[in-house]
Amino acid sequence: MSSSRTAGLTATGTIGAAHQSLRDRVYAELRERIIDGRYPSGHRVVERELADELGVSRIPVREAIQRLETEGFIAAQARKGAFVAPLGPAEAADFFDIREHLEALAASLAARRADRAGLRTLEKLLDRARRAAGSPRRTRELGSVHADFHQQIVVMSGNPLLQGLMAPLDGRLRRLFSLTSEPGDGPVMCGEHELLYEAIRSGDADAAERIARRHVAGTRATAMQMLAAGTAGTADTARTAGAGTAGTAGTADTGTADTGTADTGTGTAAEPTDPGPRLRP
């Protein structure tokens, strides 16, 4: 990379200007765009255009795309390029089949092994969730806090193997929350999480496992209904579109697909209104 190009990157505050792993930063940015719905299912991921937008070479973009493909966020097709992987009823059913059992186990272990620090973290997350639940404008934030709550229970299980098994599911859980959360969900979700917290705090492993299973089953029923009806993500899409209209529009992600395995392709979904600004270091 030439010195003049590096100077330009520093001036504009792109990903390439940061003294950190470009691969990890590009990966995190693309993952977040998929999770929060800026890149919907079927959205075409164009390596060359992303490299130009983010101010990096195509190598870290290609590596990030490959990692996201491994994690199930992106799918590649011969001569069509890379697209955001679909998240429909079939994919959600597979996810919930696994999540129900692993989260119930995590809750049971957390009840047996909880310490004061872990419980305090859960309390803080519950408090954040209650405050977010009181504002319809904070639905996306609420989904993120709920995902943090579940992740913390996995940490409190004290089982490294379980944590390793759950880690790849975290992003999919956040994506599901983003797609299927609605403004009126907050009080119900908070109430269920408070019941789970009390079971863990009291050391009742059986109750924690039972509540966790019931909670996941309820989330599954709602998510599956919305995904089957095709209404998942509609509220979030409207919020994203509104933000894009009010803010500065990002670079449109159009053109020839180029992920290292294909050169041409046609997208299957509308481009996002605002893919977001370049990251600042």
Side-chain angles (χ1 to χ4, degrees), residues 1-87 140 171 174-175 178-179 233 236-281:
M1 183 177 292
S2 67
S3 59
S4 60
R5 177 166 171 75
T6 303
L9 292 174
T10 303
T12 57
T14 62
I15 288 179
H19 299 290
Q20 297 182 21
S21 167
L22 292 181
R23 176 183 59 189
D24 290 344
R25 289 176 63 81
V26 172
Y27 159 80
E29 173 67 11
L30 297 184
R31 180 177 181 269
E32 185 63 22
R33 293 182 184 187
I34 295 172
I35 288 174
D36 68 19
R38 280 177 286 168
Y39 286 0
S41 297
H43 175 82
R44 183 171 48 187
V45 181
V46 185
E47 179 185 306
R48 183 190 66 253
E49 304 236 353
L50 282 171
D52 290 342
E53 176 194 345
L54 300 175
V56 301
S57 73
R58 290 164 65 171
I59 294 176
V61 175
R62 182 179 302 123
E63 292 174 339
I65 289 173
Q66 291 171 346
R67 182 175 172 184
L68 289 166
E69 183 179 0
T70 300
E71 296 179 359
F73 286 104
I74 286 177
Q77 300 178 13
R79 292 189 291 275
K80 288 189 176 181
F83 300 83
V84 174
L87 183 57
R140 181 183 295 174
R174 294 176 188 276
R175 188 181 177 196
S178 178
L179 287 172
D236 198 56
T237 299
R239 288 193 300 273
T240 302
T245 302
T248 302
T251 304
D253 192 6
T254 58
T256 302
D258 184 0
T259 65
T261 57
D263 294 325
T264 61
T266 303
T268 60
E271 306 295 325
T273 302
D274 181 7
R278 298 184 179 193
L279 279 186
R280 295 190 178 276

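Predicted, not measured: the structure shown is a model, and the values here were computed from it.
Between atom CD of residue Glu32 and atom CZ of residue Arg38 there is a gap of 6.0 Å, rounded to the nearest 0.5 Å. One distance of note links CG of Leu179 with CZ of Arg175; it measures 6.0 Å at 0.5 Å rounding. Separating the OH atom in Tyr39 from the CG atom in Leu50 is a distance of 4.5 Å, to the nearest 0.5 Å. Between Ile59 atom CD1 and Glu63 atom CD the span is 7.0 Å, to the nearest 0.5 Å. From Ile34, atom CD1 reaches atom OG of Ser178 across 11.5 Å, with rounding to the nearest 0.5 Å. Atoms CD and CZ, on Glu47 and Arg62 in that order, are 4.0 Å from each other to the nearest 0.5 Å.
Contact between Ala64 and Val26 at its shortest, heavy atoms only, is CB-CG1, 3.7 Å. Residues Leu87 and Ser41 come closest through the heavy atom pair N-OG, 3.4 Å. Residues Ala85 and Gly72 approach most closely at CB-O, 3.3 Å, considering heavy atoms.
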For this session: Just do the side chain to side chain contact (heavy atoms under 4.5 Å, CB included) check on Phe73 and Leu30 with the steps written out, would you?
Result: CA-CA 10 Å; Phe73 286 104; Leu30 297 184; over 6 Å; no
Problem set entry | Trace of the side chain to side chain contact (heavy atoms under 4.5 Å, CB included) decision for Val61 with Val45 | CA-CA 10 Å; Val61 175; Val45 181; 6.0 Å; no
Exercise. Could you go step by step and tell me if Tyr27 and Glu71 meet the side chain to side chain contact (heavy atoms under 4.5 Å, CB included) rule?
Worked result: CA-CA 11 Å; Tyr27 159 80; Glu71 296 179 359; 2.8 Å; yes
For this session: Take Glu29 and Arg33 through the test salt bridge (charged side-chain N to carboxylate O under 4.0 Å, His left out) and record every step on the way to the result.
Result: CA-CA 6 Å; Glu29 173 67 11; Arg33 293 182 184 187; 2.7 Å; yes
For this session: Using the side chain to side chain contact (heavy atoms under 4.5 Å, CB included) rule, take Leu54 and Glu49 through it: C-alpha gap first, then chi angles, then the decisive distance, then the call.
Result: CA-CA 9 Å; Leu54 300 175; Glu49 304 236 353; over 6 Å; no
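Looking at heavy atoms from C-beta onward, Asp24 lies in side-chain contact with Arg67 at the 4.5 angstrom threshold.
Figure legend: cation-pi geometry between Arg44 and Phe83 absent, as NZ or CZ is not positioned both under 6.0 Å from the six-membered ring centre and within 45° of its axis.
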